[in-house]
Amino acid sequence: MNQAVAPPTSGAPELSIPRLLAGQKALVTGANSGIGQGVALALGQAGADVAVNYVVDDDAAQSVIDKLHGFGVKAMKIKADVSDEDQVAAMFKQAINAFGTIDILVNNAGLQRDSAFHDMTLEQWNKVISVNLTGQFLCAREAVREFTRRGVIPEVSCAAGKIICMSSVHQEIPWAGHANYASSKGGIKMLMESLAQEVASLKIRVNAIAPGAIRTPINTNAWNTKEAYKALMTLVPYGRIGEPEDIARAAVWLASDQSDYVVGTTLFVDGGMTLAPGFATGG
Ligand code: NAD
């Protein structure tokens, strides 16, 4: 029998979100679940109008919209598959028509199709690369086109636009049984850094967040039994699972002028997972 586990609050602090993004317009992909939902809500609490991208589960997207309206900002939901070029172009067109422009893109949508390497199908490989990596390319390209067209509006932000790529600790940590996923995240690292280098002179800031283990539907079996949670904690020096809000606060900061000189950086939000925890007792 599964026993529930990661305690409902896990000791994560409940902190208010500073209103750093008033007047800005954001688009968050995969925003009706997990980290994307947390980020969309935090951007709204920070004062941004938010376009909520989703691909399945209209009700969950509507619930995010309703909460955003409760913060007094504009919100719209847009159904689009981020791996489809035409759907991504149409999504940006719809958001820009409604909001006037987009100042912030959070490239968050992602998935896993896990398999032992020798059994991994081309379909499993292609699905993960096309959503996790090509999806970020397609959305970033539309965002860069819009940021370049508009340029800097000093009353809104010091930058012409901000892109935040949701990566993973697996852009650094190899992951047996997940070669497609780890490859997509390693790809995001170089996509983010190359793009950041290319567009910095246009006053566009591109950065990434690398979450560690965050409690969302993507990794339920890593935290939903006592045994799994205990095993997970051997990888997390800080001793608790991450919550979507831990990532969301980092996203608000990276999207705001408070981080204006931060360009091409990956911010690890992982409770120390990348600190080689096996060496904590001397190795
Ligand atoms: P999740 O499954 O809760 O959310 C993923 C979202 O992406 C969902 O809304 C899903 O519908 C959406 N999505 C999937 N395919 C899509 C497509 N083709 N087009 C548009 N949207 C699509 O999982 P999550 O944990 O919130 O994951 C969000 C991001 O964070 C992913 O990029 C994931 O790789 C990354 N991440 C998560 C963790 C973690 O521990 N949860 C750790 C590191 C990185």
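Side-chain atoms are counted along with the backbone in the values below, which use heavy atoms only and exclude waters and symmetry mates. Start at 1 with the first residue, then count along the sequence. Counting starts at 1 for both ligands and their atoms, following the listed order.
Formation of a donor-acceptor pair under 3.5 Å by the Ser115 side chain with backbone atoms of Phe117 is not found in this model. A distance-only check finds a donor-acceptor pair linking the side chain of Ser259 to the backbone of Leu254 [under 3.5 Å].
Among all non-hydrogen protein atoms, the one lying nearest atom 18 (N) of ligand 1 is Asp81 OD1, 2.8 Å. Atom 44 (C) of ligand 1 has Ser167 O, 3.1 Å as its closest protein atom, hydrogens excluded (heavy atom only). The closest protein non-hydrogen atom to atom 27 (O) of ligand 1 is Ile218 CD1, 4.1 Å. Among all non-hydrogen protein atoms, the one lying nearest atom 16 (C) of ligand 1 is Val55 CG1, 3.7 Å. Closest protein heavy atom to atom 6 (C) of ligand 1: Gly30 O, 3.7 Å. The single protein non-hydrogen atom nearest to atom 33 (C) of ligand 1 is Tyr181 OH, 3.5 Å, given as residue, atom name and distance.
At a 3.5 angstrom cut-off on N or O pairs, Tyr54 does not count as close to ligand 1. Considering backbone and side-chain N/O atoms, Asn32 comes within less than 3.5 Å of an N/O atom of ligand 1. Between Ile35 and ligand 1, an N or O atom pair is found at a separation short of 3.5 Å. The N/O atoms of Pro211, backbone and side chain alike, include none that comes under 3.5 Å of an N/O atom in ligand 1. Ligand 1 has an N or O atom lying under 3.5 Å from an N or O atom of Ile214, backbone or side chain.
Taking each of Gly212, Ser184, Ser168 in turn, the one with a heavy atom nearest to atom 38 (C) of ligand 1 proves to be Gly212. Evaluated by nearest non-hydrogen atom to atom 5 (C) of ligand 1, the leading choice among Ser33, Gly110, Gly34, Gly38 is Gly110. Counting only non-hydrogen atoms, the option in Asn108, Val88, Val28 that gets closest to atom 28 (C) of ligand 1 is Asn108.
Applying the 6.0 Å contact sphere to CZ of Phe71 captures more than 12 heavy atoms from other residues, nucleotides or ligands.
Of the heavy atoms in Lys185, only side-chain atoms (C-beta onward) come closer than 4.0 Å to ligand 1. Residue Asn219 touches ligand 1 through its side chain alone, judged by heavy-atom distances below 4.0 Å. Contacts with ligand 1 closer than 4.0 Å are made by no heavy atom of Asp57, backbone or side chain.
Remark: the Asp270 side chain and the Thr274 side chain contain an N/O donor-acceptor pair separated by less than 3.5 Å. At a cut-off of 3.5 Å, with distance as the only test, no side-chain donor of Gln37 or Ser33 sits close to an acceptor on the other residue.
For ligand 1 and Met166, the ligand atoms under 4.0 Å from any heavy atom of the residue are 29 (C), 30 (O). Contact atoms of ligand 1 toward Val131: 15 (N), 16 (C), 18 (N) (distance under 4.0 Å to a heavy atom of the residue). For ligand 1, the atoms lying closer than 4.0 Å to a non-hydrogen atom of Ala80 are 19 (N), 20 (C).
Not a single protein heavy atom sits closer than 4.0 Å to atom 10 (C) of ligand 1.
Residues satisfying the ring-ring contact (aromatic ring centres under 6.0 Å, His included) criterion with Trp175, sequence neighbours excluded, are His170, His178, Tyr181. Under the salt bridge (charged side-chain N to carboxylate O under 4.0 Å, His left out) criterion, Lys25 pairs with Asp49, sequence neighbours left out.
For the pair Gly38 and Pro244, the tightest heavy-atom approach, listed with the atom from each and the gap, is CA-CB, 4.3 Å.
Lys189 and Glu193 are joined by a salt bridge, as a carboxylate oxygen and a charged side-chain nitrogen come within less than 4.0 angstrom of each other. Using a 4.0 Å cut-off between a side-chain N of Lys or Arg and a carboxylate O of Asp or Glu, Arg141 and Glu85 qualify as a salt bridge. Ion pair Asp246/Arg240 flagged as a salt bridge, since at least one NZ, NE, NH1 or NH2 atom sits closer than 4.0 Å to an Asp/Glu carboxylate oxygen. A salt bridge is absent between Glu227 and Lys230: the closest approach of a Lys/Arg side-chain nitrogen to an acidic carboxylate oxygen does not fall below 4.0 angstrom.
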